[in-house]
Amino acid sequence: DAKTTQPPSMDCAEGRAANLPCNHSTISGNEYVYWYRQIHSQGPQYIIHGLKNNETNEMASLIITEDRKSSTLILPHATLRDTAVYYCIVRVRNYGQNFVFGPGTRLSVLP
Amino acid sequence: EAGVTQFPSHSVIEKGQTVTLRCDPISGHDNLYWYRRVMGKEIKFLLHFVKESKQDESGMPNNRFLAERTGGTYSTLKVQPAELEDSGVYFCASSQVGTDNEQFFGPGTRLTVL
């Protein structure tokens with residue numbers, strides 16, 4: 001079973017920042033936080049991952065609380081193409097382990 | 001660099017028939033995974049290959065499903081005989097051994113069993 005809790009849906013205005021929360025209160029010390037998204041009818045797409053420090057790449061930023069029990073994925077300037085289901089997954093960075101997907105958050109970016 | 005490819009993109013078969021799905025991972029990726037999403041449910045792991053060896057097949061639903069990866073390159077997933085509840089989208093993913101930060105997913109095969 002998924003070890004994370006996410007809101008089922010969120011809306012965001014185009015051009016604004018989208019902040020997607022995730023609770024992972026039972027996260028272990030060796031588990032990373034990964035974010036994936038699935039745009040309609042496509043395969044899941046990797047976004048970002050982190051252990052305890054905040055991370056940023058060309059797609060998004062990941063903010064992890066100091067106690068690591070929750071995190072926030074930030075899309076700084078959401079576009080219509082960011083409409084998708086976003087999955088927060090905790091996983092040991094044990095080479096080869098599969099991902100366990102929960103229901104995710106359906107983000108709708110509105111014009 | 002080509003991504004993970006899957007064939008066919010769609011398959012419609014009748015209950016009791018056989019279907020074979022194919023996945024071509026990214027070149028050089030020794031890890032290969034199969035996942036599926038059935039209607040209304042979450043994406044679920046099926047199995048994991050490292051090269052040609054099955055590392056973990058704990059997610060395979062029953063013995064009607066057979067996965068192979070001969071030669072450690074492409075993989076096939078055969079469903080025989082197909083049942084109505086097998087309908088869904090089957091995803092394949094691959095990753096490099098030793099740098100398993102992310103798994104690259106293919107576009108999926110949509111299987112419809114009538």
Side-chain angles (χ1 to χ4, degrees), chain A residues 1-9 22 24 30-60 62 64 71 73 81 84-106, chain B residues 2-7 9-10 21 23-26 29-51 53-60 67 69 88-111:
Chain A
D1 292 330
K3 303 177 185 179
T4 62
T5 304
Q6 300 176 250
S9 65
C22 179
H24 31 79
N30 61 348
E31 288 183 316
Y32 286 67
V33 180
Y34 290 78
W35 283 84
Y36 273 75
R37 72 179 182 183
Q38 186 178 21
I39 297 171
H40 180 64
S41 78
Q42 299 181 18
Q45 176 190 24
Y46 167 81
I47 301 173
I48 198 167
H49 77 284
L51 181 61
K52 55 182 179 181
N53 297 322
N54 297 338
E55 303 288 341
T56 295
N57 62 21
E58 65 278 4
M59 290 182 67
L62 174 60
I64 302 174
S71 61
L73 178 74
R81 287 173 293 183
V85 178
Y86 287 76
Y87 300 98
C88 170
I89 303 168
V90 297
R91 171 181 179 263
V92 175
R93 192 166 173 243
N94 177 15
Y95 300 135
Q97 189 182 49
N98 59 283
F99 284 96
V100 178
F101 289 84
T105 295
R106 180 172 298 277
Chain B
V4 176
T5 58
Q6 294 186 245
F7 181 83
S9 56
H10 294 84
L21 313 181
C23 168
D24 286 78
I26 293 172
H29 282 192
D30 288 336
N31 284 318
L32 187 149
Y33 307 81
W34 284 97
Y35 294 81
R36 76 171 180 177
R37 165 181 267 152
V38 296
M39 185 65 69
K41 299 289 183 62
E42 296 154 16
I43 299 172
K44 294 292 188 184
F45 164 77
L46 296 178
L47 89 159
H48 168 211
F49 284 99
V50 177
K51 297 184 179 180
S53 299
K54 292 178 184 175
Q55 189 75 15
D56 180 358
E57 50 185 329
S58 60
M60 294 288 265
R69 193 182 182 197
V89 183
Y90 289 75
F91 294 105
C92 175
S94 72
S95 69
Q96 288 181 314
V97 171
T99 60
D100 196 33
N101 289 333
E102 58 178 298
Q103 294 176 11
F104 295 85
F105 282 77
T109 292
R110 181 172 295 278
L111 175 64

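Model, not experiment: these values are computed from the prediction. Within every chain, numbering begins at 1; the chains are lettered A, B, ... in the order of the sequence lines, protein sequences first and strands thereafter.
Residues B/Y35 and A/F99 have side chains in contact (heavy-atom distance under 4.5 Å, counting atoms from C-beta outward). A/Y46 places none of its side-chain heavy atoms less than 4.5 Å from the side chain of B/F105. Taking the side chain as every heavy atom from C-beta outward, B/I43 and A/Q38 approach each other to under 4.5 Å. At least one side-chain heavy atom of B/E42 sits under 4.5 Å from a side-chain heavy atom of A/P103.
Residues meeting the side chain to side chain donor-acceptor pair (under 3.5 Å) test with A/Q45, sequence neighbours left out: A/R37.
Each of B/P107, B/A93, B/C92, B/G108 has some count of heavy-atom pairs under 4.5 Å with chain A, and the biggest count is that of B/P107.
Distance NZ/B/K44 to CZ/A/F101: 11.0 Å, rounded to 0.5 Å. Atom CD in B/E102 sits 9.5 Å away from atom OH in A/Y34 (nearest 0.5 Å).
Closest of all the heavy-atom pairs between B/F45 and A/N98 is CD1-CB, 3.2 Å.
Interface residue B/R37: only side-chain heavy atoms are found under 4.5 Å from chain A. Of the atoms belonging to A/Y87, it is side-chain heavy atoms, and not backbone ones, that fall under 4.5 Å from chain B.
In B/K54, the NZ atom is crowded: over 12 heavy atoms of neighbouring residues, nucleotides or ligands sit closer than 6.0 Å.
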